[in-house]
Each structure stands twice: as structure tokens, then as C-alpha cells.
Amino acid sequence: MNRKPLSGYRFMWIQVLFDLPTHTAYQRKQASSFRNYLLDHGFEMAQYSVYQRFCSGKEMAEVHIKRVEQNLPEYGKVHILCFTDKQYENMRTFNGKKKNPAQENPGQFTLF
């Protein structure tokens with residue numbers, strides 16, 4: 001059996017950043033629907049209009065990116081960033097002038 005070792009360079013994070021118009025009821029409904037889509041598909045809110053998701057590899061990240069593309073709202077701007085777990089671990093988060101402790105990565109299950 002050919003096993004690849006677990007590596008922070010293999011695991012990926014997807015970050016979806018968006019700026020959606022909310023001037024009309026229709027636009028608000030589309031923006032809300034897009035946010036709910038992200039939450040329903042495993043994304044968590046990092047900040048307002050910034051959602052992120054952990055993926056087990058580049059192939060899985062591509063699958064989720066395509067799904068997001070298929071569910072884009074009609075108007076607005078959406079950016080999708082993709083980076084490795086190692087790059088994510090170097091992210092610094094501040095709340096005002098106080099530095100927050102590093103966010104823990106999702107737990108991994110080991111079989112056998």
C-alpha cells in the first residue's frame with residue numbers, strides 16, 4: 001500500500017471574500033442566499049464577507065471552488081484564495097491591538 005505522509009503542504013484552505021450589493025430586496029436575498037450556501041457547505045465565517053474552509057488536498061479544494069463558482073450571485077465581486085495549511089499557520093490575527101492566540105487546525109483522524 002502506497003501511503004503519502006500527512007503534510008501541511010498538502011492540506012489546503014479556501015478563503016472566499018466577497019462584496020455584494022444590498023440596495024434592493026432582491027440583492028439582499030441573493031447575498032443572504034450566497035452566505036447560507038457557504039455555511040451549508042462547510043465554510044466558516046472568519047470576518048464579515050470572509051469565509052474559509054479546510055480541504056484535504058488540492059483536488060478537494062478545486063471541487064469546492066467549482067461549486068462556489070456555480071453558485072455565484074448575479075451581482076457583486078467575489079474573490080477566492082487558496083493556500084496551504086503551512087501558509088495558513090503563519091497567519092497573524094489581531095483583535096484591536098491585542099494579538100489573538102493562533103487558531104488550531106481541525107483535528108485529523110488516523111486510521112490504524
For residues [X] and [Y], report the shortest heavy-atom separation together with the two atoms involved.
X	Y	result
Q30	E74	OE1-N, 3.2 Å
C82	M12	SG-CE, 3.5 Å
T84	Q87	N-OE1, 2.9 Å
P21	G76	CD-CA, 3.6 Å

Any link between [X] and [Y] through a network of hydrophobic side chains (Ile, Leu, Val, Met, Phe, Trp, Tyr) touching at under 4.5 Å?
X	Y	answer
F34	L17	no
F43	W13	no
L81	F11	yes
Y48	I80	yes
I65	V63	no

Taking atom [atom1] of [X] and atom [atom2] of [Y], what is their separation to the nearest 0.5 Å?
X	Y	atom1	atom2	result
E69	E62	CD	CD	8.5 Å
L72	R67	CG	CZ	14.5 Å
H79	D19	NE2	CG	8.5 Å
M45	L38	CE	CG	12.0 Å
T24	Y75	OG1	OH	8.5 Å

- request: Give a yes or no on this: more than 12 heavy atoms of other residues, nucleotides or ligands lie within 6.0 Å of atom CG of N95.
  value: no
query: Does the R53 side chain pair with the main chain of H41, one donor and one acceptor, at a distance under 3.5 Å?
result: yes
message: Would the distance check show the side chain of Q27 and the main-chain N or O of H23 forming a donor-acceptor pair, the cut-off being under 3.5 Å?
response: yes
Is there side-chain contact between [X] and [Y], with heavy atoms separated by less than 4.5 Å?
X	Y	value
E44	F54	no
C55	I14	yes
F94	R92	yes

query: Does E59 have any side chain to side chain donor-acceptor pair (under 3.5 Å) partners at least two apart in sequence or in another chain, and if so, which?
result: none
task: Tell me, with the steps shown, if V50 and V16 meet side-chain contact (heavy atoms from CB on, under 4.5 Å).
output: CA-CA 6 Å; V50 179; V16 178; over 6 Å; no
- request: Start with the C-alpha gap between S32 and R35, add the side-chain angles, then the distance that decides, and say whether side-chain contact (heavy atoms from CB on, under 4.5 Å) holds.
  value: CA-CA 5 Å; S32 176; R35 281 191 300 273; 3.9 Å; yes
query: Can Q52 and Y88 be said to form a side-chain hydrogen bond (donor to acceptor under 3.5 Å, both in side chains), step by step?
result: CA-CA 11 Å; Q52 60 190 20; Y88 183 82; 2.9 Å; yes
- request: Verify the ring-centre separation between F18 and Y51: is it less than 6.0 angstrom?
  value: yes
